[in-house]
Amino acid sequence: MKYKEYKGLDYAAMAEEVLAFWKEKKIFEASIDSRQGKPSFTFYEGPPSANGTPGIHHVMARAVKDIFCRYKTLKGFQVKRKGGWDTHGLPVELQVEKELGITKEDIGKKITVEEYNTKCRETVMKYKDQWDELTEKMGYWVDLDHPYVTFDKEYMESLWFLLKKFHEKDLLYKGYTIQPYSPAAGTGLSSHELNQPGTYRDVKDTSITAQFKLVNNEKSLRFFDGADELFLLAWTTTPWTLAANNGLAIGEKIDYIKVKTFNPYTFVPSYVILAKDRLHYYFNNKAKDISLEDYNEGDKLIPFEVVDTFKGKELIGLDYEQLLPYVPLPKPAFTVVAGDFVTTEDGTGIVHISRTFGADDYRVSVQNDMPGVFVEDEEGNEVPIVDKQGKYVKEITDFAGMYVKNEYYGPEETPDKSLDVLIAIKLKEENRAFKVEKYEHSYPHCWRTDKPILYYPLDSWFIKTTAFKDRLVALNDTINWKPASTGTGRFGNWLANLVDWNLSRSRFWGTPLPIWVSEDRTEQKCIGSIVELKEEIERSIAAGMMEKSPYEGKDIDLHRPYVDDIVLVSESGQQMFREPDLIDVWFDSGAMPYAQWHYPFENKEVFEKSYPADFIAEGVDQTRGWFFTLHAIAGMLFDQVAFKNVIANGLVLSDVGAKMSKRLGNAVDPFTTLDKYGPDATRWYMISNANPWDNLKFNLEGIVEVQRKFFGTLQNTYSFFALYANLDGFRYEEEGISPEARTESDRWIISKLNSLMTAVDSAYEDYEPTRAARLIQDFTTDDLSNWYVRLNRKRFWRGEYNDDKKSAYRTLYACLKTIAKLASPIAPFYTEQLYNNLNGVSQNENLVSVHLTDFPIADAKLIDEDLEEQMDLAQRISSLAHSLRKKERIKVRQPLSKILLPVLNQEFKVKVQAVAPLILSEVNAKAIDYLEDASGIIVKKIKPNFRKLGKEYGAKLKTIAAKISTFGQEDIVSIEKNNGMDLHLEGEVIPLTLEDVEILSEDIPGWSVASEGNLTVALDITITEALKQEGIARDLVNRVQNMRKDMGLEVQDKIKINVEKSNDLINGALEVNKKYICQETQALSLTITDELSGGKLLEMDEHKLVVKIEA
RNA sequence: GGGCUUAUAGCUCAGCUGGUUAGAGCGCUACACUGAUAAUGUAGAGGUCCGAGGUUCGAGUCCCCGUAAGCCCA
């Protein structure tokens, strides 16, 4: 059996083969089964939605997931991973509506809810095949045969179970949110509906800048400062909300001013407060020089004087009087609070807050506990001061029954003066209006009725997440976030500013809220299982509430419309109807740890074993989505984290850093990419190029580079091994020399390899895949290929199959096999092939797949740091010598007699001596001449040790450094001899030790030198006759080798060389180096003849030579 | 508007707790090597480390204020 040899490698085709192999041998299954009984490592798959096609960023996200599942498998864990599908939600509904050419309006009219939902169910899996194909092709191992599907009855039953738990704990309650609402249509609008083109229109509304009168008390004393009355100016384009004002918001960092002026309508002298930046808008600059005394009532120009300036922060907590006191409110209403939404782009920099009619307003009111303006309706329910038709309630006595927008009136009924205008007049009369004007702005309109919408409080069900805020924060602190900043920053801040989770959605395709409420709304029932639902239906039928169950004669389906038809009976015997909302789809996905196992109805043990997750990974855009809902449900119901480690990966952008989108046409198709470059290079590129949490500027050239640089080099190295191993019949059978007894370079690469194992292991362990990939890549290209193989090539193809050769094979074999294992989580296909190519011949591991192996464990005995350091020296010295050759224009093939190397200490010399043969062969020189200190020809340089001196002397460092730089050779010698020196500086004595300075050799007089850091190298460039001849011999070897290749000879084929007699130098060179030439070229003989016919004329520098080769 | 992240060579990225010539790969140019060869080595060109302040003997690194880009929230 031979190691497989390749002529070029098609990575994509290779991946196909490996894929077929995995399938046939069921390797994925085996990777789990073989870990039976071992500790489990739990991974949760965040469910994708299959109603869209997968993109290249999914390859990224899934590569990250796959890497750690594979790694943990290698580490001996059993890693079960269930696939899943997210199936509910608005995107599905929208797609169905698009396909059917209908709108939400038509549901229940042109199409029944049942038909609609059936269509949703079909549509949501539309691209499942593509997703499965991508999963398979990219090598993402996840159980696709038993996925969880969020629309499954069992899955939804688990959701109901969880919702009931929230309900039992009194954490599920009904409140309201401020939503776009169309009074004309009598319905709320989704943000999606609001984003339809044409919704926002420019309209002219009456805007009012109102004067809110500050209460003069201890808190506000500093601002009054002599004023009788002091007003905060706040601007609104919806004056009808002023009657519902409950607070004023300012920007903490904004500068505000107090201005002495006159009210333009009542001419009353007034003090007003507004943002400094807005002064020019409210006061005419032409009036700035007019004195307040010169003002006469009715003057067009109103004088003003800025009398005070302060930061917004100082205004927080001030009390003011209610502007339109129709409905009284308790404190802390009518207080100044901070709002992060306040700007000075328009208005006064002070914003009127109405908890019932604005989303920002609602939020800031809740944060500051400010109540909103509500009244009671006939049934005793709290309602806002505008009813659902858009009319003021009776409590607003002056305007009761008026529509708040003139557009809501019928064509004949529209009053001349709109409510906004009437309010403006009222405020002007009361000296409470500072400016009234028509203002043109963009305002959303209802797409059904064309009339303006209101922001209005609508019923919503909430989960009381705020009750668990502290606990959720504390639990989050125990989670290992990658990157950490997402956990502390983005996610941490989100938790710190947590508001209750709004669960309600007014939709059709989703999990219905399992809450039934009695007619008088005093009784509630939350259903937590199918069994319970069935029992309640029975009870209801028995009580005569329903004639028959909607499920009679068919399977239970918890979707709409069936649940809507269920009328239950309350304890007191009332009818109970289901709350019409669906729940937020994020609850679906956040509940997957439980629902994927149909917990608690089935699989209790499985669930308990796999909870919480050890690891999850998704895009950072999931912070407020999946990451949060997982965390909230786990924290609130189970007092647990849902996941212990999480990678929040960044986005995949186009090569110029723009967002990829199908619309812009810059989206990269994952399938063509995988087909063209293969999955390994694609994955390796994505992981090695940048950390997954950084955004990736996706560049196909980057994949090409990875393919060439990493996979090409690795494949070359393997091919090299395979070529010679096959020739020599190496099969890893014979006992070789133990690793400890091998050559320097063998021991060095083995040491490096063992260091690599530890480093890569800890990189994976720390969830740093990029670090792991780069470590493996650097080892492969730099250490293994460019140094070890290059320097040891001859050992593989020259001479007998002896111990040294066997050692070389064993060493290279071990390196390649270990790389296969270390890299297998990232590049599962190529490494599989590499592993099986190696192990398939040697059979020294009884396994059929790299993915069934154990992660390599470093042998500390084989790590030799001194040796690694020595080799580092060898590399640096060689590199310097090469640069000298370059400078002197002497090619490497020309041997030189010696390298000169200054040695400042014996330790250094010993290290270099250990690797001297390598250096000599690398730079083609005969010897190293160590220039000892004593030789006296080395010129030294001294540098202060800034790090050490800086700590000790601080500011004096500058003068010390200046002094040191003046030192000559004698000073340096003296410091070395006396282990230091006392520096005399401005009367001070500074004891300088050897550690305080760095001494290095700089120059060797009379030689051409090269220096780098503390290394200096010189080259003896005298070329003797013997050296010259040797150079000629090497030139000939080179030419002959080329001719052999041109003739198509195999490596092991023997030849005869005939050379035509030339000048003495060349003839001599050939004679002297005959043996060498023959050995290098597999020649049986080298004959010099007087005349040679049919030979080839070779040009070697200035020499010419006729040569003929016979096979 | 708020929160978070990023900004270093033409491109993609390193640069640990602050330490004195800021690195690598790719690309470009030149030279070399040669039975791994569509590989490889050496060298060269290429940098206001996004900008302005500050702390410090010393700042790519720490602090502050900006600018630009991205994401989430509003």
Side-chain angles (χ1 to χ4, degrees), chain A residues 8 251 339-345 359-360 363 483 485-486 488-494 496-497 619-625 648 650-651 653 655-659 685 688-691 693-697 699 701-702 704-706 708-710 712-713 715-724 770-771 774 777-778 781-782 785-786 789-790 793-794 796-798 878-887 889-893 922 924 943-951 953-961 1012-1013 1037-1042 1044-1045 1049-1053 1080-1082:
Chain A
D340 54 23
F341 48 85
V342 180
T343 69
T344 55
E345 266 156 40
D360 275 338
R363 193 165 47 89
S485 59
T486 298
T488 53
R490 195 182 275 231
F491 196 67
N493 288 342
W494 164 253
N497 298 310
V620 68
D621 53 338
Q622 294 291 323
T623 311
R624 273 113 160 122
L651 267 77
L653 305 172
D655 54 356
V656 291
K659 192 175 173 163
Y685 161 69
S688 67
N689 185 67
N691 280 314
W693 40 87
D694 290 331
N695 290 344
L696 175 72
K697 286 184 204 160
N699 191 343
E701 284 169 33
V704 176
E705 188 182 325
V706 156
R708 229 194 42 218
K709 189 93 186 123
F710 177 64
T713 306
Q715 175 64 12
N716 261 341
T717 307
Y718 166 76
S719 299
F720 174 82
F721 166 82
L723 175 66
Y724 294 108
T770 307
R771 203 169 83 207
R774 288 177 180 171
Q777 180 164 334
D778 289 348
T781 58
D782 298 348
S785 172
N786 289 349
V789 173
R790 193 158 56 82
R793 279 205 304 259
K794 292 202 166 115
F796 291 88
W797 54 265
R798 194 159 59 185
S878 302
S879 156
L880 286 171
H882 277 304
S883 75
L884 283 170
R885 275 184 174 273
K886 157 89 182 162
K887 200 159 86 184
R889 301 190 164 278
I890 301 170
K891 56 187 177 183
V892 181
R893 223 182 283 138
E922 177 67 8
N924 196 14
K943 262 170 65 181
N945 182 343
F946 282 94
R947 191 188 286 259
K948 187 155 181 297
L949 287 170
K951 284 210 175 82
Y953 299 105
K956 282 180 222 149
L957 184 65
K958 263 188 180 154
T959 40
I960 297 174
E1012 184 240 320
V1037 168
N1038 167 242
R1039 302 300 192 277
V1040 171
Q1041 298 286 36
N1042 287 339
R1044 283 182 57 116
K1045 255 197 284 185
L1049 294 180
E1050 291 299 317
V1051 174
Q1052 68 277 21
D1053 293 338
E1080 292 291 316
T1081 58
Q1082 306 275 347

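In what follows, chains carry the letters A, B, and so on, assigned in the order in which the sequence lines appear, proteins first and then strands, with residues in each chain numbered from 1.
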Pair partner, B/G1 [Watson-Crick or wobble, under 3.5 Å]: B/C73
Strand partner of B/A36, provided both Watson-Crick or wobble distances fall under 3.5 Å: none
A/R774 CZ to B/A14 P, straight-line distance once rounded to whole Å: 5 Å
Closest to the A/N695 side chain, choosing from B/G70, B/G19, B/A36: B/G70
Span that lies between the P atom of B/C57 and that of B/C65, in whole angstrom: 24 Å
Base B/C71 paired with A/R490 side chain (donor-acceptor, <3.5 Å): yes
Separation between the C1' atoms of B/C72 and B/C49, rounded to whole Å: 29 Å
Nucleotide nearest A/N716 when distance is taken to its side chain, options B/G19, B/C71, B/A39: B/A39
Sugar-phosphate, base or nothing in reach of A/R793, heavy atoms under 4.0 Å: base
A/N695 side chain to A/L651 backbone, donor-acceptor under 3.5 Å: yes
Spacing of A/F721 atom CZ relative to B/A39 atom C1', expressed in whole Å: 19 Å
A/N786 CG - B/A39 C1' separation (whole Å): 9 Å
C1' spacing across the pair B/G10 / B/G54, given as an integer number of angstrom: 34 Å
Sugar-phosphate, base or nothing in reach of A/N493, heavy atoms under 4.0 Å: sugar-phosphate
Sugar-phosphate, base or nothing in reach of A/T486, heavy atoms under 4.0 Å: nothing
Under 3.5 Å on both distances, the Watson-Crick or G-U partner of B/G25: B/C11
Complement of B/U61, any strand, by Watson-Crick or G-U distances under 3.5 angstrom: none
Pairwise P distance for B/U48 and B/U61, with rounding to whole Å: 16 Å
Nearest-Å distance for atom pair CG/P, residues A/D782 and B/G23: 17 Å
P gap between B/G3 and B/G66, integer Å: 11 Å
Counter-base of B/G46, judged by Watson-Crick or G-U geometry with both distances under 3.5 Å: none
A/R893 side chain near B/C33 phosphate (N/O to OP1/OP2, under 4.0 Å): yes
d(CH2, A/W494; C1', B/C71) in whole Å: 14 Å
Closest listed nucleotide, where the reference is the side chain of A/E705 and the choices are B/G25, B/U40, B/C4: B/G25
OP1 or OP2 of B/C13 under 4.0 Å from side-chain N/O of A/N689: yes
Short side-chain to backbone donor-acceptor contact, A/R790 and A/N786, under 3.5 Å: yes
Between B/U8 (C1') and A/D694 (CG): distance, integer Å: 14 Å
Whole angstrom value for the distance that separates C1' of B/C71 from CZ of A/R624: 10 Å
Heavy-atom side-chain proximity of A/N716 to A/S785 below 4.5 angstrom: no
Nucleotide opposite B/U55 in a Watson-Crick or G-U pair, distances under 3.5 Å: none
Reported CZ-to-CG distance for the pair A/R774 and A/N691, which is rounded to 0.5 angstrom: 6.5 Å
Parallel, tilted or perpendicular, as decided by the 30° and 60° cut-offs, for the rings of A/F720 and A/Y724: perpendicular
B/C16 versus B/U55 - spacing of their P atoms, nearest Å: 24 Å
Atom C1', compared across B/G25 and B/A14: separation rounded to whole Å: 10 Å
Proximity to the side chain of A/K709 - top-ranked nucleotide from B/C26, B/A14, B/A36: B/C26
B/G27 OP1/OP2 closer than 4.0 Å to side-chain N/O of A/R708: yes
Where A/S688 and A/V706 come nearest, the two heavy atoms and their spacing: OG-CG2, 4.2 Å
Partner nucleotide, any strand, of B/A68 [Watson-Crick/G-U, under 3.5 Å]: B/U6
Any N/O donor-acceptor pair, A/S785 side-chain to B/A36 base, under 3.5 Å: yes
Heavy-atom pair with the smallest gap, counting every atom of A/P483 and A/A648: CD-O, 3.9 Å
Separation of the C1' atoms in B/G70 and B/G60, to the nearest angstrom: 23 Å
Touch class at under 4.0 angstrom, heavy-atom based, for A/Y724 against every strand present: sugar-phosphate
Length of the CG-C1' vector between A/N924 and B/C33, whole Å: 11 Å
Touch class at under 4.0 angstrom, heavy-atom based, for A/S485 against every strand present: sugar-phosphate
First of A/G489 and A/Y685 reached from the 5' end of RNA chain B, by closest nucleotide: A/G489
A/N699 vs A/N945, nearer the 5' end of RNA chain B by closest nucleotide: A/N699
Verdict with reasoning, A/L696 to A/Y685, per side-chain contact (heavy atoms from CB on, under 4.5 Å): CA-CA 10 Å; A/L696 175 72; A/Y685 161 69; 4.1 Å; yes
